[in-house]
Amino acid sequence: MRGIFKSFRTKARTVIALAGIDFTAAKGSFVSIIGPSGCGKSTLLACVGGMERPTAGQITVDGRVVTGPSRRLGYVFQEESVFPWRTALGNVLFALEDQGGSKNDQIDNARSMLRLVGLQGFENAYPSEMSGGMKQRVAIARVLAAEPEVVLMDEPFGALDQQTRLMVGEQVLRIWEETHQTILFVTHDIQEAILLSNEVVVLSARPARILERVTVPFPHPREASLAGTHEFADIAARLWHTLSGEAKKAFIENEAGAAQ
Amino acid sequence: MNDPTGSAGDAPSDVRASDIRARQDDVATISQMLIVPILGVAVWYVLSWTVFVVPAPHEAVRALVTDLGKGQYRSDLLRTLVKIMVAFSAAAILGIVIGTFLGLAKPLREALAPLVLITNGIPKIVLYPILLIVFGLGSISQITMGIIFGTLPVLVNLMSALASMRPVYRKVARMLEVGPVRALFRVYMPAVAPLLMVALQLGFSLSVLGVVYAELIASRDGLGQRLIQTYTIGNYDEMAASSLAILFIALGGTGLLRLVERSIVRHR
Amino acid sequence: MTVSTMMIRLRTSQWWTRGVKTGGYVATVVAVAAVWALVTDAGWISDQTVPKLPDIVDAIGTLASAGEVWPNLASTLFRILLSFAIGVTVGIASGGALWRFPRAGGAIRPYLSAIYSVPLVVFYPIFLVVFGLNDWPVVVLTAVITTIPICLNTYLGLQSAPQVLINVGKSLERTSAQIFRQILLPAAWPAVLAGMRLSVVYGVAGVVSLEFVAAQTGVGNRIQYYYETFDVPSMYAFIILTLLLAGGCVGLVLAVEVLTMRGRR
């Protein structure tokens, strides 16, 4: 799968969010996108997912140009996106209901998706009975049930506490190790990015361009203990160094922007 | 500040003590619920003794029971009830349809917002004489008044609920390529269902208001008309009785809708 | 400053939004008037049912010179303002009291919400009996009607004031009265205003509709009178005047809102 991005300019308020992004992601790779706050990484992902239109440039996925949201561009949102009026099973079923096939097949399919994210046994629980991590896993299951070609995750663990992040992150890693879908993963957490992905893309502060692309060479399957190794720390330090300069710039710009 | 019912201190070492405490809590809650109605009835009694013309509660109830035995009264009651049901049904449908369109289509909503706000702010009762001229004294006038009263709350509340629905639901619907019709019935409506129920409750009570007001002012039949008649004749027991009947209809309908609302909100 | 920068500054400025909003209202009124003129001119509806706009304006003129307009408007306005004033004061006071005594508040609150569903107009004949055929039944009943939304909203508004604000007051050693006045009331003010917006609509509607039934003066009474004497243009004249009156009252509350909420939005 080749995702080709070019330059964008968004918002008629002449705020240039993304300035000249060219990038290709190999099929089946797990790519993280990191950058300082407000740099536009979510905007970039939104463009890939078809949620937003780039002002200039084009995105193609597997040869087809992206013109709008679709099932093949599975999107996991940062905010809570599960439907509170449906059970976990109901939520995953939602992705399957209008796709044909017998009802029983759909239910079986939904169940296996929930098993994939580690929620077997919680099929009949309502979101009000679930923790934040569980709800995000339901959202992931729902997205996967639609059999997307690419999975886009926009800081999916942003609202979760540190421990839950690690656990759900590991879950995502396992899923990827099993399915090998192409995943684009936006996060602000350097450790998370290194731990989960093959490749880390660093964006600059607004207007964003690609500063650096770092390959993460660790083999799969990976364990969380990887974070303690020297090699891991080296990569983390390198990324941190690149980021900290940008982060300061972004901070100053944000403050100025809010004051206007 | 607000100290919860039940003790805050020692943990009960045996089951019986906590049982008693739980029962005390129940009694406290129930008595809290009943205090207001009991006080209300008590105040009514006091009023009936001090002010000559106000009938006592039991006299009003007795009059109501007697009235319900009379065929003519029952038919009036039924007519009012039917008018209310028809008015509410139409108001609900109108309010939901228009509210949905305005709620989901931002440009439409912004264009028509002034019209909606103006219509909301005017005393709609002034339109009743116009209805009387057009339709006469029959039920249609009162029903139409009920519809005019009831549509707006449903419309405005549903519109506002849909407009402030979490945007992520729309994004999920778009991503999963859910068609507009399916998105409406399977995503947006369920998302705002609790608020829709509140809107319908308001719509119902306003439909009642519209119909009763209209009957009070000018009508061929109905409880509202009876209310004014009994007042004019000076039959205050029956006047209070009819007031009670109207109150029961209003509370009953709203209560039913509230039950539906409860069952919808149960899992959220 | 280039022209395009100016355009952007203009389009995002507050005055532009306000201008567009007012323009929307004006456009709506013009549109309604246009539709009215169209329908009545084309003769789709008989003159007896909906008179032409010029006829109505004429009627207003006639009534004005006959000295009918101002006394009746004043009468109605007086009742509205009096009821509203009572409603606001009693509403805020009782809402505050309910908040201050949470047990009472908790017990009464569901009944307050339930009263919303009750057509309080059924008490009108009883009030007529008790107070007689004067201004009191209208004012008292409308005062009750306007009190309820304000009371409920004040109570809920005070409850929803973030505890942290109160704690700030306490840590600065303010008295309870000061905390209430300087911290809680301002925090609850938007909710109170929302209650006032609701109340003014109910208040106007209440006074006008009650005037239909048993008042000697006031616009509602006049509409009823001209309906019964089949003087359709005069009836419509007073209907339009009532709508303008209602608009004025709502405008009053909006003005209060704008004045007291500067900088908050």
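Please read all numbers here as calculations on a predicted model, not as lab measurements. Throughout, a chain's letter reflects where its sequence line sits, starting with A, and its residues are numbered from 1.
Between chain B and the residues A/E129, A/E80, A/R86, A/R72, the most heavy-atom pairs under 4.5 angstrom are made by A/E80.
Within the 4.5 Å cutoff, the side chain of B/M175 has heavy atoms near those of the A/V143 side chain. Looking at A/Y75 and B/K171, their side chains never come closer than 4.5 Å, going by heavy atoms from C-beta outward. Inter-residue side-chain proximity for A/R142 and B/V172 is flagged as met; some heavy-atom pair is nearer than 4.5 Å. Within the 4.5 Å cutoff, side-chain heavy atoms of B/E177 are placed close to those of A/S70.
Counting only distance, with no hydrogens or angles, the side chain of B/R174 and the backbone of A/P69 share no donor-acceptor pair below 3.5 Å. A/S81 places no side-chain N or O within 3.5 Å of a backbone atom of B/V168 that could act as its donor or acceptor partner.
One finds no salt bridge joining B/R166 and A/E79 here, because no Lys/Arg side-chain nitrogen approaches an Asp/Glu carboxylate oxygen to under 4.0 Å.
Using a 4.5 Å cut-off between heavy atoms, A/A146 touches chain B through its side chain atoms alone. Residue contact with chain A, scored on non-hydrogen atoms closer than 4.5 Å, is absent for B/A193. For a residue to count as touching a neighbouring chain, one of its non-hydrogen atoms must lie under 4.5 Å from one of that chain's; by this rule B/V187 touches chain A with backbone and side chain alike.
A/F94 carries B/R182 over the face of its six-membered ring, with the cationic atom under 6.0 Å from the centre and within 45° of the normal.
Within 6.0 Å of the CZ atom in A/R165, the count of heavy atoms belonging to other residues, nucleotides or ligands exceeds 12. In the displayed structure, A/M130 atom CE is contacted under 6.0 Å by more than 12 heavy atoms of other residues, nucleotides or ligands. Within 6.0 Å of the CG atom in B/L39, the count of heavy atoms belonging to other residues, nucleotides or ligands exceeds 12.
For B/Y169 and A/W85, the ring centers are positioned less than 6.0 Å apart.
Between B/R266 atom CZ and A/Y126 atom OH the span is 8.0 Å, to the nearest 0.5 Å.
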